[in-house]
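Structure, as structure tokens:
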Amino acid sequence: MTDLSKARILLDPNEVPKEWVNILPDLPTPMTPLINPMNGKPAPFEMAAAIFPKECVIQEVSQEPTIPIPKELREIYAKTYRPTPLHRALSLERELGLKGDKIKIFYKNESISPTGSHKPNTAIAQAYFAKMDGINELVTETGAGQWGSGLSYGCSVFGIKCTVYMVRISFQQKPGRKILMRSFNADVHASPSRFTEAGKSYYDKDPEHPGSLGIAISEAVEHSLRSDQIRYSLGSVVNFVCLHQTVIGQESQIQLKKAGIEAPDIVIGCMGGGSNFSGLMIPYARDKIRGITPDIKIIGVEPTACPSVCKGKYTWDYGDTAKKAPIVKMHTLGHNFIPSPIHAGGLRYHGIAPIVSNLYNNKIIEASMHHQLDVIKAGFLFAKAEGVLPAPETDHAIKEAIDQALLAKENDEEKVILFNFSGHGFFDLLAYKEYMTGNLENYELPDEKIQESLNDPDMPQIDESSF
Ligand SMILES: *Cc1c(COP(=O)(O)O)cnc(C)c1O
């Protein structure tokens, strides 16, 4: 009989981590700076601080190995949903025919947050730092709606205003997300809207324009520049967001130790902009770099339809289609890349976090990709076994975890596999319905399309010797 005390490992609210893990000083090669899109030179502090809360800009470039989590913020995490549980996926293991204790699958359950994903970890932090700065409104864009919900919740905690530009096609297809955001008092606009110059140019031509993340970012940035009481907020990609997410990995380390495990053999997360994967893996990547666990395998998982790391290029690119956000060095498919309409909406970004790019380029982490039909199937298997329907993004991590477990079984190896359960899929039922009705298809991004997008003369030319 399996020891049930190790089936679901909970921590006391007092055990919310006291600091964030900053990987920057441990990176094998130095982190590249954020570049001002106007002149191709590193963005000065004042410029970044006009866009983001000041404390976040300090964290973005900090070389301190750890950064304290303010007491007030820790209290909010503790009062609401952190630490999150670590589950042993015993029923999934049984479904996979894994016998005995040789192969163990654990997952860190970020789906229990107020909005159903890891996003509030950084949303609450950003709203807190904005409040400290005397900012009274945060504005952002959202595609699938997870980030917009997270930030709406974060802002409501501190009583600051939140405005969200939501890509119109999602606004129409996911009414539940819109209602959730409005229940936290957020202003939600379908984008393109008539409230900004950037949106109006599209809206006036076609009030039913389906929108894109690029247009929504332009609208949010334009809105944020209206007053110095307003800041723009990002839910992934940048260093400080990955930093805020490291509570996930730190908690999992304590929880695994409680289960008698010094370190997992394999750490897995799905990758959109790279923040939930970073949050789980950064503490493990640091131990790997420092030689404490040199053999640990760390895998980020992408959709075959949007493989920024597996097939993209490590180069300088704009953070957004509108070329308003800073230029960063990252694995990218090119900012003009238009993803096919796959259902893992949160994994459709053209690039990936510079931290993830650096670690991949230095061979500390690996990447894999899977087809849409295979990941949704893995999600159903997980739901039947463990009882929670995952977000389609999360299905990518589950598919990889299952593959790794079956490989270990075939090779008769002992393995501890840990993956991040980034969110539940209760607002994403359409994807599962389409699978059930046979309307979902696989899509592999053709190499010619990637080359076309990367060879676009519109890609930024940055002279690294100038800084
Ligand atoms: C947003 C989101 C993702 C992808 O974003 P990352 O920044 O790569 O984490 C993955 N899973 C869920 C549930 C999300 O909401």
Side-chain angles (χ1 to χ4, degrees), residues 84 107-123 126 140-154 164 166-167 170 174 176-177 180-181 213 233-249 268-282 299-303 305-309 319 330-331 339 342-357 359-360 365 367 369-370 375-376 379 382 388-400 419-428 431:
T84 61
Y107 62 96
K108 182 72 171 148
N109 191 355
E110 293 298 304
S111 80
I112 62 147
S113 86
T115 59
S117 79
H118 64 287
K119 299 282 196 322
N121 296 335
T122 185
Q126 290 187 43
T140 197
E141 72 287 334
T142 198
Q146 284 274 20
W147 171 238
S149 317
L151 191 67
S152 302
Y153 165 69
V164 182
M166 184 174 193
V167 176
S170 307
K174 296 193 170 190
R177 281 281 164 205
L180 184 63
M181 287 186 257
L213 217 44
S233 185
L234 265 178
S236 188
V237 182
V238 290
N239 302 344
F240 68 80
V241 173
C242 296
L243 176 84
H244 297 159
Q245 295 294 352
T246 59
V247 288
I248 303 173
I268 298 168
C270 66
M271 299 193 290
S275 75
N276 87 84
F277 174 53
S278 291
L280 179 68
M281 66 80 174
I282 280 175
I299 312 170
V301 193
E302 307 184 296
C306 189
S308 330
V309 180
M330 62 180 172
H331 282 86
I342 56 159
H343 274 283
L347 304 185
R348 293 173 61 190
Y349 186 62
H350 65 274
I352 198 82
I355 286 177
V356 171
S357 300
L359 289 170
Y360 180 78
I365 63 171
M369 54 181 179
H370 291 296
V375 304
I376 297 285
F382 182 91
V388 189
L389 189 71
E393 292 88 348
T394 311
D395 289 344
H396 291 73
I398 296 171
K399 166 69 180 153
E400 184 66 34
F419 74 87
N420 199 21
F421 192 83
S422 57
H424 66 62
F426 301 160
F427 290 95
D428 307 289

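In this text the structure is predicted, and so the values were computed from the model without any measurement. Both counts, for ligands and for their atoms, begin at 1 and track the order of listing.
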Do any nitrogen or oxygen atoms of [X] lie less than 3.5 angstrom from nitrogen or oxygen atoms of ligand 1?
X      : value
Ala391 : no
Gly272 : yes
Glu393 : no
Ser236 : yes

His118 heavy atom under 4.0 Å from ligand 1: yes

Atoms of ligand 1, numbered as shown, that sit under 4.0 Å from any heavy atom of Asn276: 6 (P), 8 (O), 9 (O), 10 (C)

Element-labelled atoms of ligand 1 that are located less than 4.0 Å from some non-hydrogen atom of Gly423: 13 (C)

Does one side chain, of [X] or [Y], offer a donor that lies under 3.5 Å from an acceptor on the other?
X      : Y      : answer
Asn121 : Glu110 : yes
Ser111 : Asn109 : yes
Gln146 : Ser117 : yes

Heavy-atom side-chain contact between Glu141 and Leu234 under 4.5 Å: yes

Side chain proximity check, His118 to Ser113, heavy atoms < 4.5 angstrom: no

Reference residue Trp147; test side-chain hydrogen bond (donor to acceptor under 3.5 Å, both in side chains); the match among Thr140, Thr142, Thr115: Thr140

